[in-house]
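One structure below.
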Amino acid sequence: MVQKFHEDLLEQILSHLQVKDLLRFKSVSKKWNSIISTPRFIHLHLNKSISSPSHHRIFMPYPKSFRAVDFHRMDVQDHLPRPEEAIGTFIGSSGGLICYLNKLTRRIFVWNPSLRVSKTLDLNIQGSVSFFWFGRESPDDEYKVVLGIRSVVRKNTDPNLYAIRRITIMPDQDEYRNHIYVIKPFSSVSESTQLEMDHLYFSSSDEGTLFSGLVHWFASSYQIKSVIGSIYHDAVFTYDLGGKTLGKLSTPVGLSSSTGSIGVIDGCLSAIYKVCGGDSAIYEFWMMKEYGVKESWTKMISLSFVNCDDGLSSFSRLKLVGATDTGDLILCCAPDCQLLIYNVAEKKSKIVLSNGYGYARMYVETLVFP
């Protein structure tokens with residue numbers, strides 16, 4: 001019993017350490033190596049890392065490398081070479097793993113940067129990728145990739161008709177089908193579901209946001225079909241990972257999803273919209289105080305980028321990465337993919353990284369093996 005107590009105590013002490021230290025300590029003895037390598041310890045260390053801010057990093061992709069930024073000091077801590085397989089779209093980060101999707105080859109690449117180990121999975125899926133998400137619902141759940149695939153079903157295959165449609169405004173002659181694919185990359189299992197979502201339109205590939213067991217994306221759904229086309233209204237489209245069902249949330253009135261992004265802060269669903277462009281870019285930060293209640297959308301602050309350095313006013317979209325202990329917002333900007341801190345009290349921003357190659361993501365160092 002004394003030996004078991006000592007092992008449990010050692011396990012608890014080791015679970016607080018950084019991954020690089022644990023990898024070094026595996027060579028101390030066979031016993032230490034055995035403890036650190038068990039699924040129980042890997043799970044314990046993952047939970048400790050998620051709850052410990054000192055283990056948090058912000059991951060910023062570049063063409064040939066990744067930059068890891070310390071979440072609290074907001075300085076670059078590490079430069080990691082980018083694996084050759086990490087090509088395509090950076091679709092997410094979860095539990096110490098990052099995931100890429102090559103839209104041309106339909107290959108999924110999952111990588112643990114701390115361990116420098118990876119796994120690839122080839123998909124047999126046809127159609128264009130409308131939306132995506134990578135992660136898991138809880139620490140005990142399997143990692144999943146959710147893909148929205150949009151395919152075209154042509155009603156009329158007359159080539160002359162399609163030649164005319166390219167130069168004139170005509171009613172839509174095609175039908176679109178949206179499928180949701182849920183892939184479990186570690187078990188090579190995929191599920192395909194066609195749900196009642198053919199009326200939804202996604203303007204561009206977008207990463208989902210997990211909140212309360214549901215993944216959220218901005219989407220538009222048509223209300224009226226007319227001779228000049230369809231009239232759309234914006235909404236937040238949701239997918240329940242457990243129930244495998246769709247849902248829809250209303251957005252703040254008068255704001256366009258084409259300039260917005262979804263996030264989570266202080267236990268609430270949030271959204272950032274661009275409301276003014278040019279040299280005086282202004283963004284509105286909204287929170288849904290009571291989930292699912294349209295009237296609970298509350299504008300918290302306006303983010304002003306008037307006369308900011310390095311041309312921040314030219315950015316078209318902001319995405320929430322996180323928030324500091326003092327309430328300042330950590331944001332990533334597109335299309336130039338810069339990482340910055342916005343001081344809410346002073347209404348000033350500071351650029352941390354510039355000229356990235358995709359959106360930054362929160363990342364935590366773990367021993368999880370893909």
Side-chain angles (χ1 to χ4, degrees), residues 53-82 86 89-93 98 100 113 204-207 209 218 255 258-266 270-287 299-365:
S54 63
H55 288 236
H56 293 181
R57 302 288 184 269
I58 299 173
F59 225 50
M60 185 71 143
Y62 281 79
K64 295 183 179 180
S65 67
F66 291 93
R67 310 262 178 98
V69 178
D70 184 273
F71 182 70
H72 281 278
R73 293 193 293 267
M74 291 306 293
D75 57 357
V76 178
Q77 295 290 304
D78 204 358
H79 293 253
L80 300 174
R82 182 169 173 166
T89 302
F90 186 9
I91 67 173
S93 169
I98 69 170
Y100 267 81
S204 61
S205 296
D206 196 16
E207 180 187 357
T209 297
F218 271 128
L255 298 175
S258 64
T259 62
S261 63
I262 303 175
V264 176
I265 191 170
D266 293 339
S270 66
I272 300 178
Y273 294 91
K274 183 177 182 180
V275 296
C276 180
D279 294 332
S280 302
I282 298 176
Y283 299 80
E284 291 181 353
F285 184 79
W286 291 71
M287 292 176 64
K299 186 173 79 170
M300 306 304 294
I301 55 173
S302 291
L303 311 178
S304 176
F305 290 94
V306 180
N307 298 324
C308 286
D309 57 354
D310 294 323
L312 287 178
S313 59
S314 65
F315 290 141
S316 61
R317 180 178 291 201
L318 294 179
K319 188 174 181 66
L320 178 68
V321 178
T324 66
D325 294 336
T326 58
D328 294 337
L329 301 179
I330 303 173
L331 305 164
C332 190
C333 307
D336 292 337
C337 299
Q338 299 193 14
L339 181 68
L340 62 93
I341 302 177
Y342 188 87
N343 187 309
V344 175
E346 299 180 5
K347 294 186 176 182
K348 293 182 179 179
S349 65
K350 175 186 176 182
I351 294 178
V352 180
L353 286 174
S354 300
N355 303 318
Y357 200 69
Y359 280 119
R361 310 295 203 289
M362 289 296 299
Y363 167 79
V364 58
E365 295 182 343

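The first residue in the sequence is number 1, and the count goes up from there.
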OG of Ser354 to CG of Leu340: how many Å apart, nearest 0.5 Å? 9.0 Å
Student check: side-chain heavy atoms of Asp70 and Arg57 closer than 4.5 Å: yes
Can you name the closest pair of heavy atoms from Ile265 and Met287 and give their distance? O-CE, 3.6 Å
Tell me whether Arg67 contacts the main-chain N or O of Ser65 through its side chain, where contact means a donor paired with an acceptor under 3.5 Å. no
Out of curiosity, Tyr342 OH to Cys333 SG, how far, rounded to the nearest 0.5 Å? 11.5 Å
In terms of heavy-atom contacts, Ser261 and Leu320 come closest through OG-N, 4.4 Å
Interatomic distance, NE2@His79 vs NZ@Lys64, rounded to 0.5 Å, equals 15.5 Å
Are Leu331 and Leu303 close enough that some pair of their side-chain heavy atoms sits under 4.5 Å apart? yes
Distance check, rounded to the nearest 0.5 Å: Met362 atom CE versus Ile330 atom CD1? 6.5 Å
What is the minimum heavy-atom distance between Trp286 and Lys299, and which atoms define it? CE3-N, 3.4 Å
For Arg361 and Phe90, indicate whether the former's side chain and the latter's backbone hold a donor-acceptor pair under 3.5 Å. yes
List the atom of Ser270, the atom of Val264, and the distance in Å for their closest heavy-atom pair. OG-N, 3.6 Å
Which distance, rounded to the nearest 0.5 Å, do you find between the OH of Tyr363 and the CD1 of Ile58? 13.5 Å
Spatial distance of atom CD1 (Ile262) from atom CD (Glu207) [nearest 0.5 Å]: 11.0 Å
Which heavy atom of Leu339 sits nearest a heavy atom of Ala360, and at what distance? CD1-CB, 4.0 Å
Do the rings of Phe59 and Phe66 sit parallel, tilted or perpendicular, given the 30° and 60° boundaries? parallel
